[in-house]
Amino acid sequence: MSKPVVIVGAGPAGLSAAVTLAKHKVASIIVDEAPKPGGVVYRGPWRETNALPHLDDKWKATLQTLREQYHQHQDLIDLRSLTRVLGPMADQHLLTAHEDTLSTIDYEQLILATGCQERSIPFPGWDIPGVMLLGGIQLQIKSGLVRPGHRCVITGTGPLLVLVACQLHKAGCDIAGIYEAAPFKDLARETLALLNRPQLALDGLSMMMYLKRHHIPMHYGWGVVKASGDPQVEQVTVAPYSKDWYPDVSRAETINADVLGVGYGFAARSQLAQLMGLDMQYDHMSGAIPVVDEWQRGSLNNVYCAGDTVKFAGAEAAMLEGKIAAYSALKARDISMPNLDNEFKALRHQLEKSYRFRKGFDTAGYRRPGLLSLPEKDTVICRCEQVKKADIDNAINQGVKDVITLKMRTRVTMGDCQGKTCAHYCYDRLNESTTSPQPLIRPRFPLDPIPFAALEDDA
């Protein structure tokens, strides 16, 4: 094989795979929709700046290392930024769009490192300006160097709540409070799992000390109820959650704020893997994920999957998986790697520790059914098609038991986003009423709308 390995995604997994391939003199093509490599985690600011006081030194050091590795091997890495993959075509081709121009890339080996997306949790007011997912807030302050507001409330579950709160405070925001849905005892119960990554655990403790030092309140077992305001969020209502995360509205509190950050987990961006026909499985935490072996090989022999596409375990785990996927591609090319077995065992050992560390947070923050009680009847669930909770209630009450039938009855998931925002709510609602495995909503080709300009004939 002489063609470059094609990698979709320039985040930690994709960059790690490309650098590993380059170290063995194998070229790669990376396709990514962003203007700069690094993914959501390590993309960095769009413009040059002398200081990043809101971001910690460890993050800046990792960002610098990734950039140095990329530039060191740039002659073997063809980065095609601002380019979207619209889907697979016949004869091992991918259809791409760049600046309203369509083209194809052919591949003999393909690494999918498409990352993850944040899981949206509908509640009254979730669609008004100022209500943002935590990853969106991070993009604003890390890449755009834009402060999203002045007074912020952070709600959800997981380590990202504390990290974003610290970053916002360092950027000059007033943090009115952090509301972690999981009770403290559930998090404390996972101490042994968190000790699999002692440095990360220490980093977490350091951030907790930062919160205490700056008198930023942290509330365990609390979460969002609703947001209100016109034309943007002005008030956020929070309440204590039961063990199943049902809000006790009799004890609700209302906070004045112009930003509400919400983070109740992530889901794999696996739509391309589904369109390619890879074997998939549904995971409660990660959504629809491709089935891979220990070498990150998918069910198609020449397709490998790495990073949050497969399992959400953080950037460092994604880099390890990207490296393993690259080794797998190199093995298929019969490239000699004398110490591969030992290297592979070491990588898998580190990876398993990362998985155990992440599982501690996932166990404590496992999504509870009470979140499904947050939307009111007129709350919009599917923004693209304006499907409300009442529409979904009616369909389920009429006997709908699977997501495909729900889609046909209500048009939920049929908009341009193809269910990226609303599908997870639908899966969870239907899983409440049936024990049968839910069929997956199959994405449509193309994955993103094609502008008419791309179809014009210049001749």
Side-chain angles (χ1 to χ4, degrees), residues 8-14 31-34 37-43 83-87 112-123 126-127 131-140 142-143 155-161 163-164 261-276 278 280-290 305-315 317-318 321-322 358 361-362 365 367 371 380-385 403 412-428 440-444 446-449:
V8 181
V31 184
D32 194 271
E33 62 190 28
V40 174
V41 178
Y42 294 118
R43 193 170 293 159
T83 302
R84 294 179 178 270
V85 176
L86 302 178
L112 299 182
T114 47
C116 65
Q117 63 201 45
E118 292 184 86
R119 185 183 294 273
S120 296
I121 299 296
F123 54 87
W126 74 306
D127 53 354
V131 179
M132 303 176 65
L133 296 175
L134 296 183
I137 291 177
Q138 279 204 308
L139 275 181
Q140 279 200 349
K142 287 196 303 188
S143 299
T155 64
T157 188
L160 195 57
L161 273 66
L163 174 61
V164 171
V262 184
Y264 282 94
F266 296 81
R269 288 187 65 182
S270 58
Q271 291 82 5
L272 180 56
Q274 291 181 67
L275 272 186
M276 296 191 68
L278 269 68
M280 308 291 295
Q281 62 185 7
Y282 186 80
D283 177 81
H284 180 73
M285 298 303 297
S286 302
I289 56 175
C305 306
D308 294 340
T309 310
V310 181
K311 187 178 184 69
F312 184 73
E321 290 180 350
R358 182 67 206 188
F361 286 107
D362 290 344
R367 254 177 8 269
L371 292 179
V380 172
I381 303 299
C382 176
R383 299 182 185 184
C384 297
E385 297 293 323
V403 72
V412 70
T413 78
M414 292 185 70
D416 283 348
C417 89
Q418 301 199 35
K420 294 183 181 73
T421 302
C422 61
H424 307 293
Y425 173 86
C426 297
Y427 285 133
D428 289 347
L440 297 176
I441 295 174
R442 185 171 176 81
R444 304 182 301 275
L447 290 173
D448 289 306

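On a predicted model such as this, the values are computed, not experimentally measured, just so you know.
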(request) Taking ring pair (Phe, Tyr, Trp, His ring centres under 6.0 Å) as the test, write out the residues that go with Y425, two or more places apart. (result) none

(message) Test of understanding: with ring pair (Phe, Tyr, Trp, His ring centres under 6.0 Å), list the residues that count as partners of Y264, not counting sequence neighbours.
(response) none

Can you check whether [X] reaches [Y] side chain to side chain, under 4.5 Å on heavy atoms?
X	Y	answer
R119	F266	no
I121	W126	no
S270	I289	no
T155	F123	no
L163	Q138	yes
F312	R358	yes
Q117	Q271	yes
C305	L278	yes

Mark yes or no for whether [X], through its side chain, and [Y], through its backbone, hold a donor-acceptor pair below 3.5 Å.
X	Y	answer
T83	V31	no
E321	G307	yes
E118	L134	yes
D308	C116	no

Grab the two heavy atoms, one from [X] and one from [Y], that are nearest each other, plus how far apart they are.
X	Y	result
C382	V412	CB-CG2, 3.7 Å
P12	G38	CD-O, 3.7 Å
G261	I137	CA-CD1, 3.7 Å
A423	I441	CB-CD1, 4.0 Å
A288	L440	CB-CD1, 3.9 Å
P122	I381	CB-CD1, 3.7 Å

(message) Suppose we screen for salt bridge (Lys or Arg N to Asp or Glu O under 4.0 Å). Which residues come up paired with D283, at least two apart in sequence or across chains?
(response) none

(message) Restricting to salt bridge (Lys or Arg N to Asp or Glu O under 4.0 Å), what partner residues turn up for R367, sequence neighbours left out?
(response) D428

To the nearest 0.5 angstrom, please state how far the [atom1] atom of [X] sits from the [atom2] atom of [Y].
X	Y	atom1	atom2	value
L447	C417	CG	SG	12.0 Å
Q418	C384	CD	SG	9.5 Å
E33	T114	CD	OG1	10.0 Å
R444	M414	CZ	CE	6.5 Å

(request) For E385, enumerate each residue passing the side-chain hydrogen bond (donor to acceptor under 3.5 Å, both in side chains) test, keeping only those at least two apart in sequence or located in another chain. (result) R411

(message) According to side-chain hydrogen bond (donor to acceptor under 3.5 Å, both in side chains), who are the partners of D127, at least two apart in sequence or on a separate chain?
(response) none

(request) Start with the C-alpha distance between L139 and V40, add both sets of side-chain angles, then the distance that settles side chain to side chain contact (heavy atoms under 4.5 Å, CB included), and finish with yes or no. (result) CA-CA 7 Å; L139 275 181; V40 174; 4.2 Å; yes

